[in-house]
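Have a look at the structure below, then the notes.
Just so you know, residue 1 is the first one in the sequence shown, and it goes up from there. Quantities reported herein were computed from a predicted structural model and do not represent experimental measurements.
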Amino acid sequence: MAKSIEYPSADFPGPPRITVEVPDDWETLTVPGVQVAVAQPRVEGAFRANVVVTVQRFGPEFTLEAARAGLDQRKAALPELEELGTGEIEVDGATWIASEYGYTQPGRPTVVQAARYAVIDRGGVATDVLELVGSCGAESADDEIETVRTIQDSLRVTLD
């Protein structure tokens with residue numbers, strides 16, 4: 001006799017439900033491999049500020065330090081990286097690694113990113129890593145980074 005395995009279940013928790021508050025004129029985007037993507041309206045010739053949320057499932061042993069190492073590796077691959085600041089913040093009772101930086105790809109405008117990572121224990125059977133990345137063009141970052149941070153601060157995660 002075979003046993004039945006179910007998803008979602010205690011052994012295989014379903015994905016977290018994610019809620020973010022965005023400005024009325026921002027648009028939703030469908031991006032492969034991304035759970036949530038939103039962007040400001042398109043303006044010809046300007047970088048489109050955006051916020052992207054991804055969730056990756058890992059084994060129960062995955063830690064916030066492992067997420068930090070992944071962030072460091074990702075930033076090391078960016079061209080002309082300028083570190084603006086990295087640390088830990090608390091949002092809605094969860095500890096997040098928060099990092100802000102700029103980078104410039106040849107022939108393209110400089111991008112400023114605000115990245116946040118949280119590790120969520122899923123009942124000892126799995127760990128979900130939430131990656132919350134907001135991006136804006138450097139030429140408009142003074143105004144847009146605050147909008148990006150406000151969207152990031154509004155993130156709420158619900159676990160079933």
Side-chain angles (χ1 to χ4, degrees), residues 8 13-42 46-79 81-105 108-123 126-138 140-160:
R17 285 184 285 142
I18 298 163
T19 305
V20 291
E21 302 290 328
V22 301
D24 287 336
D25 62 344
W26 278 47
E27 302 169 7
T28 60
L29 306 173
T30 300
V31 179
V34 170
Q35 280 69 31
V36 176
V38 294
Q40 70 183 167
R42 188 177 304 281
F47 185 90
R48 191 176 188 191
N50 62 80
V51 175
V52 174
V53 183
T54 58
V55 180
Q56 287 188 288
R57 172 94 13 121
F58 291 90
E61 69 286 343
F62 197 86
T63 64
L64 195 59
E65 285 310 309
R68 184 187 312 272
L71 170 63
D72 291 344
Q73 184 177 10
R74 180 175 159 213
K75 289 191 309 187
L78 294 173
L81 177 74
E82 179 185 344
E83 182 77 45
L84 302 174
T86 297
E88 290 185 5
I89 60 172
E90 295 287 322
V91 178
D92 199 30
T95 300
W96 291 77
I97 297 168
S99 183
E100 294 187 2
Y101 48 88
Y103 67 94
T104 305
Q105 295 175 313
R108 301 185 120 172
T110 298
V111 174
V112 174
Q113 285 192 323
R116 297 181 183 181
Y117 294 81
V119 174
I120 300 172
D121 175 23
R122 299 307 307 270
T127 301
D128 286 337
V129 177
L130 270 69
E131 178 184 34
L132 178 59
V133 179
S135 304
C136 57
S140 54
D142 289 346
D143 296 329
E144 293 173 354
I145 197 68
E146 286 306 319
T147 301
V148 165
R149 288 177 187 141
T150 299
I151 293 168
Q152 289 178 319
D153 288 346
S154 78
L155 180 105
R156 296 296 173 258
V157 177
T158 306
L159 305 176
D160 291 329

(message) Rounded at 0.5 Å granularity, tell me how far OG1 in Thr110 sits from CD in Glu82.
(response) 8.5 Å
(request) Please name the pair of heavy atoms, one in Gly33 and one in Thr54, separated by the smallest distance, quoted to 0.1 Å. (result) O-CG2, 3.8 Å
(request) Give the minimum heavy-atom separation between Tyr103 and Pro79, together with the two atoms involved. (result) CB-O, 3.2 Å
(message) To check you understand the geometry: which heavy-atom pair defines the closest contact between Arg122 and Gly14, and what is its length?
(response) NH1-O, 2.9 Å
(request) Looking only at non-hydrogen atoms, find the nearest pair between Cys136 and Glu144 and report the distance. (result) CB-OE1, 3.3 Å
(message) For a side-chain contact (heavy atoms from CB on, under 4.5 Å) check, start with the C-alpha distance between Val20 and Val51, then their side-chain angles and the critical distance, and finish with the verdict.
(response) CA-CA 10 Å; Val20 291; Val51 175; 5.8 Å; no
(message) As an exercise, state the distance from CG of Asp153 to CD1 of Ile89, rounded to the nearest 0.5 Å.
(response) 6.5 Å
(request) State, yes or no, whether a side-chain contact exists between Thr147 and Pro23 at a heavy-atom distance under 4.5 Å. (result) yes
(request) Would you check if Asn50 and Phe47 make a side-chain contact, meaning some heavy-atom pair closer than 4.5 Å? (result) yes
(message) Can you tell me how far apart CD (Gln56) and OG1 (Thr127) are? Round to the nearest 0.5 Å.
(response) 12.0 Å
(message) If you define the side chain from C-beta out and look only at heavy atoms, does anything of Val133 sit under 4.5 Å from Glu131?
(response) yes
(message) Taking the side chain as everything from C-beta on, heavy atoms only, tell me whether Val53 gets closer than 4.5 Å to Leu155.
(response) yes
(request) Could you pull out the closest heavy-atom pair between Gln152 and Leu132, with the gap in Å? (result) NE2-O, 3.3 Å
(message) Out of the candidates Asp128, Val157, Ile120, only one should pair with Val55 under the side-chain contact (heavy atoms from CB on, under 4.5 Å) rule; please name it.
(response) Asp128
(message) I'd like to check Glu100 versus Val148 (side-chain heavy atoms, cut-off strictly below 4.5 Å). Are they in contact?
(response) no
(message) Can you tell me how far apart CD (Glu90) and OG1 (Thr95) are? Round to the nearest 0.5 Å.
(response) 3.5 Å
(request) Determine the minimum heavy-atom distance between Ala126 and Arg57, stating which atoms define it. (result) CB-CD, 3.4 Å
(message) Has Ser135 got a side-chain atom pairing as donor or acceptor with Ala49's backbone, closer than 3.5 angstrom?
(response) no
(request) Indicate yes or no: at least one non-hydrogen side-chain atom of Val111 is less than 4.5 angstrom from one of Leu78. (result) no
(message) Could you measure the distance from the OG1 atom of Thr150 to the CD atom of Glu146? Nearest 0.5 Å is fine.
(response) 6.0 Å
(message) Nearest 0.5 angstrom please: Tyr117 OH to Arg74 CZ, how far?
(response) 4.0 Å
(request) Please determine if Arg42 and Glu27 form a salt bridge, counting it only when a charged side-chain N lies under 4.0 Å from a carboxylate O. (result) no
(message) So if I apply the side chain to side chain donor-acceptor pair (under 3.5 Å) rule between Ser99 and each of Lys75, Gln113, Arg116, which one comes out positive?
(response) Lys75
(message) Between Val31 and Val52, is there a side-chain heavy-atom distance shorter than 4.5 Å?
(response) no
(message) Distance alone, cut at 3.5 Å: any donor-acceptor contact between the side chains of Glu83 and Tyr101?
(response) no
(message) Can you confirm whether Leu130 sits close enough to Trp96 that some side-chain heavy atom of one is under 4.5 Å from a side-chain heavy atom of the other?
(response) yes
